[in-house]
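Everything quoted here is computed from the prediction, not taken from an experiment. For reference, positions follow the sequence shown, starting with 1. Just the heavy atoms: all of them, side chains too, but no hydrogens, waters or symmetry mates, feed the values below.
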Amino acid sequence: MKRPMCWLCLLFIAAVWLGDLTGLVPVRETAAAQSLPGEGFIGEKGQAVVYGRIYQYHYSENSTGICLTDVYLKSQLRSQVGDISKKLSGRVIIYMQEGSEDVSQPLGTWVRVRGKLQEIEGPRNPGEFDSRLYYQTKKIYYRMSGYELTDCGGEVWHLREGLRQFRGRLADSLEKAVPEQAGILCAMVVGEKSLLAQEDKNLLAAGSLSHMISISGMHLSLLGMLCFYLCQRLRLGIGPAAMVSVGLMLFYGMLAGEGVATMRALGMFGLAMIARAIGRSYDLLSALALSVIILLLDNPAYLFYSGFLLSCGCICAVGVVLPQIREIFSFEKAQRKREKKIIQRKIIQKKIIQTLEMGAAVQMTTLPLTTWFYYEIPIYGILVNLLVVPTLAVTLVSGWAGAAVGIWSVSAARVFLIPGCALIRFYQGLCGLVKGLPGAMLTVGQPGIWQVLAYYGLLAAGFLLGRRTGRRAVGVSLCLLCVSAGVMLLCSRFQGSLEVTCLDVGQGDGAVACTLQGKCFMVDGGSSSQKKIGQYTILPFLKSQGISRVDAVFVSHTDADHINGIEEILDLIRTGQTSLKIRHLVLPGLEKADEGQERLAALAAQAGVAVRYLNAGGKVEDINEDSLVLLLEAGGFRGLFTGDIGEEQEERLSGHLMDCDFLKVAHHGSRYSTGERFLREVCPKIGVASASATNTYGHPHPDTLGRLEKNRCRVFLTKDSGAVTLKVGEDAVRVRTYLH
């Protein structure tokens, strides 16, 4: 009752969540609701002309994105009254196509861009990254592939542009001074992640150090308090020192990209400084509550964003969970009872205990969020943070000093960066060591909402019982028992039936089957319309389902749209960038292996995956005719996977077929497959055709869909439904589509 702001915050969060859940205020559907104008504004194949001001630049390894604000969509119809335009809700991100001129206009400049405009899509498969929600937190609702940009002038935002150029100079100075560590240092110091290699991201994630490369409360608190201390040393009063510190941190927040975690930390730091200036006490949880309310009023989509929830979760860990741990376990009280020894040893012991307490509190609080968004738990994370967190301040100060000095002298910058680079090498070595240990990453999958709520309920019960029990040993035991039960419940997977999922991989094929006995099988995995399908679609799906081992990957044939995702995964296994294990790779047993088979077999050998061959005899010339046709039987259920076979191969299978509940429609629904005779023999109840909505082959063909419908087969298309999952019960098969 002493914190009314916290109660108000909880009620506001509940209102936003319930509004989205019931559809009264569909927060996560806002982007989709911003439908584009109709005829006259959008031409053929989505061609459009937009006019807006450059708000931000988004840099990545392969492209530069331009974020436009105050965006108008120009009509493509001529009018006697001049140009007709319509203002778009939200911002537009534009990625210039290869061959376009480099974009170097300052922020605030009005530009006119011609290209293909479309709404930002959400995920189409379980486990996929939600691009729509991510961009929605930045108020970006549309994306454009631009190929023609015209500078229209206008007033430049001098402050924002100056900060952008200064950020670029800081990043350049780090890259010139220490190119090997520049990626991590740039992310830590100025929030610039375009230089950060994927290998470094995976390495830090394995050691639970991803927080290190995000501008967060630690960064702002350290830099802000350093500014406040220096101002006081210069004999400024508390009020002026607080104002100067808050102003500098505001500029730093803008410099670092205005991420949600940065803005949350900036708000709390500002409240702390205001409290000092007016002589009032500062309450951590009340400051967090007010900051959360302000942020959600600005953009309610933050409530469902991982960065926002994890950032707030860490503060709740410090303000709520940490005091409970200290009271129940009473480490400090127990330490006072011991015989006093060397003072230095006591200080070290106290620091170690405090770090362990903090690490345990953060892990306990954020564990459900980690499993919900990332599906994995870094087992040795607390131990790694125990060694790393005490030295992060040194790394940050070294990085800030080196980046600033490097603008004038690269040689001098290297001197300032010596401690920071040495510590980064230590962090990398430590994460590499941990990554090589058995069970470094525990894949648990995405829990259900009820599991998350049950975990927090058991956590609260553990703290309550631990505090109210008279004897310390009993209290500690009860608390640990409740926490352990919560962790076990959170990490448990409950699968009551055989599940078959046909992934939406665009123009390609990929299916995963999981049995009641815990076996997992894949059939194909590739795409000709989507890049890195293995890394961004197949692996996230497997992780979200709690699958850490695939017993066999069956390759129907070696067309790229069936195997390039499998090749990616094998390469990631070979280089140690994923914890997934594959036991067997099963290939068609051809008389003479083609180039694709040889490449796959070589990759499998390098990744430690056993290669097996299946062959029913016969000699064929067409690669599609080489397709494996697989029958899955479990209990009374039958499912048939047909690769890319055509009608001729279907004829050869005649006499070997039987009634099936499920058919993976051959060759993406090609006109020349899934013939009448084949369907009469198979009699499928459910069919799934995998094809891209933008494919130029006409897949699936209307004739094929007509034949399936005529034979009373209900067909699901991944281009319309996203991933399609079949849950096989004792007396029924339940179909769940991801998008609807």
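Aromatic ring orientation, Tyr252 versus Trp400: perpendicular (interplanar angle above 60°, classes split at 30° and 60°).
With hydrogens and angles ignored, the 3.5 Å screen pairs no side-chain donor or acceptor of Glu175 with any backbone N or O of Ala171. Remark: the backbone N or O of Gln530 is paired with a side-chain donor or acceptor of Ser527 at under 3.5 angstrom. No donor-acceptor pair under 3.5 Å is formed between the side chain of Thr262 and the backbone N or O of Glu258. Panel note: side chain Tyr456, backbone Thr365; a donor-acceptor pair is recorded below 3.5 Å. The backbone N or O of Ser492 sits less than 3.5 Å from a side-chain atom of Gln451, completing a donor-acceptor pair. Between the Ser477 side chain and the Ala473 main chain, a donor and an acceptor come within less than 3.5 Å of each other. Side chain of Ser690 to backbone of Gly508: a donor-acceptor contact under 3.5 angstrom is found. Panel note: side chain Asn564, backbone Ala560; a donor-acceptor pair is recorded below 3.5 Å. Put simply, the side chain of Asn125 gets close to the backbone of Asp504: a donor and an acceptor are under 3.5 Å apart. For Gln495 (side chain) and Cys514 (main-chain N/O), a donor-acceptor pair under 3.5 Å exists by modelled atom type.
Residues Leu632 and Val500 form a side-chain contact, since some pair of their non-hydrogen atoms from C-beta on lies under 4.5 Å apart. A 4.5 Å side-chain heavy-atom check between His584 and Val553 finds every atom pair outside the cut-off.
Checked by atom type, the side-chain pair Thr371/Gln446 shows no donor-acceptor distance below 3.5 Å. At a cut-off of 3.5 Å, with distance as the only test, no side-chain donor of Ser291 or Arg264 sits close to an acceptor on the other residue. Side-chain contact, Thr725 with Glu499: no donor N or O sits under 3.5 Å from an acceptor N or O. Side-chain atoms of Thr395 and Tyr427 include a donor-acceptor pair closer than 3.5 Å.
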Name the atoms and distances for all side-chain donor-acceptor pairs under 3.5 Å in residues 599-614, with sequence neighbours left out.
from: Arg599; atom 1: NE; to: Glu567; atom 2: OE2; distance (Å): 2.5
from: Arg599; atom 1: NH2; to: Glu567; atom 2: OE2; distance (Å): 3.0

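Separation of the Tyr134 and Phe129 ring centroids falls under the 6.0 Å cut-off. Ring centers of Phe494 and Trp450: under 6.0 Å apart, within the cut-off.
A salt bridge is defined here as a Lys NZ or Arg NE, NH1 or NH2 lying under 4.0 Å from an Asp or Glu carboxylate O, and Glu121 with Arg132 fails to meet this definition. Ion pair Lys532/Glu568 not flagged as a salt bridge, since none of the NZ, NE, NH1 or NH2 atoms sits closer than 4.0 Å to an Asp/Glu carboxylate oxygen.
With values rounded to the nearest 0.5 angstrom, Glu199 atom CD is found 9.5 Å from Leu572 atom CG.
When all heavy atoms of Gly534 and Pro540 are compared, the pair lying nearest together is O-CD, 4.2 Å. Of all heavy-atom pairs between Asp551 and Gly518, the closest is OD2-O, 4.3 Å.
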Inset, instruction - Please lay out, stage by stage, how Ser579 and Glu376 fare under the test side chain to side chain donor-acceptor pair (under 3.5 Å). - result: CA-CA 10 Å; Ser579 58; Glu376 291 182 318; 3.1 Å; yes
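For Phe416, the CZ atom counts as loosely surrounded, since its 6.0 Å shell holds 12 or fewer non-hydrogen atoms of other residues, nucleotides or ligands.
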